[in-house]
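Some notes on the structure that comes next.
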Amino acid sequence: MVFIASITFKHIGDLSDSYDLVTNTYKVNLELEQIISHLKDAETGNRGYTITKDSIYLTPFIQAREKVNNSFVILKKLTKENEVQQKNLKQLYLYINKRFVNFSKTQLMVERNQIRNKAFFDTFKEGKVCMDEIRTQVNKMIAIENELLVEREHINNDYIKTTPNFIYLLLIFTLGLIAMAYYKVNTDFNKIKHKNNQLSIFQELSNQAEIVSKSGSWFRDLETQNYHFSDNLYRLLGEEPQSFEATNENFTKYIHPEDLEFVRGEGDKMRESNRLDDLQYRLITKQGEVKYVRAFGRVMQDSSGNEKFIGTITDITVEHESFHSLEEKNQELEQNNKELSAFNYVASHDLQEPLRKIQTFISRLEDKELEHFSDTGKQYFERIKSAASRMRLLIDDLLQFSRTNKAEKVFELSNLNDLFENAKQDVAEIINEKKAEITSDELPTLEVIPFQIQQLFLNLISNSLKYSKKDEFPIIKITHQKVKAADVKELSNNPRDHFHKITFTDNGIGFEQEYAERIFVLFSRLHEKDEYSGTGIGLSICKKIIENHKGYIFALGKPNEGAAFTVYLPA
């Protein structure tokens, strides 16, 4: 707008200057005409004096001289920018001086009564010649001014014609600029309004988030040292929002007296390091309620370059109480674990000792007294013997399951082929007895708990041997392949990329698929104890071992066709 105003001002100035130049030309011509007129008055007065010798006729002559001088002063000012006219003016001045000198000679001759001689006529004639020179010079100057007048009038007319259009275009352009400015201001205003709405929503969301999370925020301007507390920080203190001035001294009043010195010490560290990391202390609200809080703080720089220390305070009273409750439960659990350990000791020592004695006496009775028993007694004796064997097996399996749960989980780089061969050696007699055929792919070397993986192989082989068909030799196949988790439906949500898939397949009696998960439950059995021996713990141990290795185990069965147990171990 200033630029447009300056252009307009310059244009109007040019128009005014053009008009002044035209006026100046007219004034020059007018003054030149005035000089001729004044000279004529002087000439008339001089002639009247010559004829009458009356000095009264000299008054126009004297006044003409003064007027001519005034006109010359004006002309010098009007033509000061025109060097040609200045030169012409000097020449004209010389002619006029010469004419006035001629007037003086004539007057002197009149006073001496020398008007009849030849000298007077020569002087008179000289005056006429001088006057003609003056007229010629004046006409020359007027001609020059007339040429300038034509040129200046042309320029002036152009300015006069173009000025309305120029002003009109400038007005349109100005209105366009105003419209653009209005559009820009309006657009920016809408953006600011939108941003303000977003800030209002964000502020409200922040307030709601603070309420939900039971937290409050504050900041301190490091330049002005002024504090600001959020509304919910006041609520944490049991006060109405903005009910007192936000200062460090006012906040300190709510800190628990036993924690005050500690908090002040941490505050001094905070000022030195410009950070506050997980400071926990207690507050006493206006209502006298004790709250446990956690505080964090950091220094940040705003868009203006001002540094502010911002912080949050979170009510962790419930978390604190939950932690203490958890500690109590942990203590109870630790006590239960001790009792369980005591039970394990009893099971492994105190229970096994009487059981060994029972089995010893059963053996002696069988060797020495069995033939003296009646048929009914012999049946009872067999049941006692079978119950003692089951008791022995149950205690052994329970101890094995307990060891799987409590054993130290030390992972070692182990060759699974060696562990598999060791497991086969443990059941070599049963394999030979049942003439079982066992084949296996090359197994990988992995970071595992060696004795647990060996126990896993042992239990799965034993399971296939136990539930083999009576009229068919057991055939057990162990296959291995590395798979992508994304390609296996059951593993699609696992964060690991690859797994080792090891499958144990047999041709045994199988089972209904609806029991595929139940068979891994502790003490779960699908058959009567008279049909197949066992405690229902072996597959539970397998599942626990796989869980210890962050893997998976699945079962697939079909009655009278066999079963397949698939193990997935993380690669």
Side-chain angles (χ1 to χ4, degrees), residues 199 202-302 304-341:
L199 286 174
F202 178 76
Q203 180 67 29
E204 185 59 29
L205 288 174
S206 297
N207 292 337
Q208 293 297 325
E210 287 188 356
I211 293 173
V212 172
S213 63
K214 295 182 179 180
S215 63
S217 59
W218 59 272
F219 71 82
R220 174 167 59 94
D221 192 313
L222 295 182
E223 183 176 351
T224 63
Q225 297 302 316
N226 292 329
Y227 281 83
H228 173 78
F229 296 162
S230 69
D231 289 348
N232 210 52
L233 182 55
Y234 285 91
R235 296 189 185 100
L236 289 180
L237 301 175
E239 300 281 1
E240 289 296 321
Q242 310 304 323
S243 58
F244 61 83
E245 185 182 359
T247 64
N248 186 53
E249 292 75 14
N250 287 337
F251 179 80
T252 304
K253 297 175 183 177
Y254 295 89
I255 298 176
H256 197 288
E258 295 178 4
D259 296 344
L260 186 55
E261 184 177 352
F262 164 70
V263 174
R264 283 177 174 168
E266 292 297 318
D268 294 338
K269 294 179 183 178
M270 174 187 72
R271 293 182 184 90
E272 293 176 1
S273 63
N274 282 338
R275 60 186 295 144
L276 182 66
D277 293 320
D278 195 14
L279 176 63
Q280 298 186 27
Y281 55 94
R282 290 170 292 176
L283 294 174
I284 301 179
T285 67
K286 181 181 179 181
Q287 294 75 24
E289 180 186 0
V290 177
K291 290 185 177 180
Y292 289 83
V293 296
R294 174 184 287 124
F296 292 92
R298 291 289 185 277
V299 171
M300 59 84 67
Q301 197 174 63
D302 63 19
S304 301
N306 297 324
E307 287 189 337
K308 290 181 173 59
F309 198 104
I310 61 173
T312 60
I313 296 177
T314 306
D315 182 357
I316 59 168
T317 305
V318 175
E319 178 183 336
H320 182 80
E321 293 173 351
S322 299
F323 176 76
H324 281 284
S325 176
L326 183 62
E327 279 190 333
E328 292 177 358
K329 291 181 179 178
N330 285 338
Q331 290 176 357
E332 292 179 5
L333 183 60
E334 187 176 350
Q335 182 62 32
N336 291 336
N337 286 337
K338 289 180 180 179
E339 293 175 357
L340 182 59
S341 296

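This chain uses plain numbering: 1 for the first residue, then up along the sequence.
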Margin query: For a salt bridge (Lys or Arg N to Asp or Glu O under 4.0 Å) check, start with the C-alpha distance between E319 and R294, then their side-chain angles and the critical distance, and finish with the verdict.
Written below: CA-CA 11 Å; E319 178 183 336; R294 174 184 287 124; 3.3 Å; yes

Margin query: For the CZ atom on R264, are there more than 12 heavy atoms of other groups (residues, nucleotides or ligands in this structure) within a distance under 6.0 Å?
Written below: no

Next item on the list: Might you work through the side-chain contact (heavy atoms from CB on, under 4.5 Å) test for S230 and W218, ending with a clear yes or no?
Entry: CA-CA 6 Å; S230 69; W218 59 272; over 6 Å; no

Checklist line | Shortest non-hydrogen contact between T317 and Y292, atoms and distance | finding: OG1-N, 3.0 Å

Note to self: So, taking the atom named CD1 in I284 and the one named NE2 in H256, what distance separates them when rounded to the nearest 0.5 Å?
What the structure shows: 4.5 Å

Checklist line | Closest approach of Y281 to A295 (non-hydrogen atoms, all atoms of both residues) | finding: CE2-CB, 4.2 Å

Checklist line | Heavy-atom neighbours of E261 CD exceed 12 at 6.0 Å | finding: no

Check: In terms of heavy-atom contacts, does CD of Q242 have more than 12 from other residues, nucleotides or ligands at under 6.0 Å?
Finding: yes

Next item on the list: Could you tell me whether the side chain of F251 reaches within less than 4.5 Å of the side chain of I313, counting heavy atoms only?
Entry: yes

Item checked: Shortest non-hydrogen contact between I255 and D259, atoms and distance -> CG2-C, 4.2 Å

Next item on the list: Over all heavy atoms of both residues, which pair between A246 and Y227 is shortest? Give the atoms and the distance, please.
Entry: O-CB, 3.2 Å

Notebook entry, point to check: Do you know which two heavy atoms are closest between L236 and K214, and how far apart they sit?
Noted result: CD2-O, 3.8 Å

Next item on the list: Please examine the side chains of E307 and M300, heavy atoms only from C-beta on, and report whether any two atoms are closer than 4.5 Å.
Entry: no

Notebook entry, point to check: Counting N and O atoms only, with roles assigned by atom type, does the side chain of S325 sit under 3.5 Å from a partner on the main chain of E321, one being a donor and the other an acceptor?
Noted result: no

Check: Do we see a donor-acceptor contact under 3.5 Å between the side chains of N250 and E245?
Finding: no

Next item on the list: Hey, can you tell me if F244 and Y254 have their rings parallel, tilted or perpendicular (30° and 60° cut-offs)?
Entry: parallel

Item checked: Rounded distance (nearest 0.5 Å) linking atom CD of E289 with atom CG of L237 -> 11.5 Å

Note to self: What I want to find out is whether E223 reaches K308 closely enough, with some N-O distance under 4.0 Å, to be called a salt bridge.
What the structure shows: no

Checklist line | Step-by-step side-chain contact (heavy atoms from CB on, under 4.5 Å) determination, F229 to Y234 | finding: CA-CA 7 Å; F229 296 162; Y234 285 91; 3.5 Å; yes

Notebook entry, point to check: Step by step, would you call R220 with N226 a side-chain contact (heavy atoms from CB on, under 4.5 Å)?
Noted result: CA-CA 6 Å; R220 174 167 59 94; N226 292 329; over 6 Å; no

Item checked: Spacing of NZ belonging to K253 relative to CG belonging to L283, to within rounding of 0.5 Å -> 14.5 Å

Next item on the list: Heavy atoms only: give me the nearest S215-N232 pair and the separation to one decimal.
Entry: O-ND2, 2.7 Å

Margin query: Nearest 0.5 angstrom please: E266 CD to D278 CG, how far?
Written below: 10.5 Å

Check: How far does CG of L233 sit from CD of E239, to the nearest 0.5 angstrom?
Finding: 10.5 Å

Check: Which value, rounded to the nearest 0.5 Å, describes the distance between L326 atom CG and Q331 atom CD?
Finding: 10.0 Å

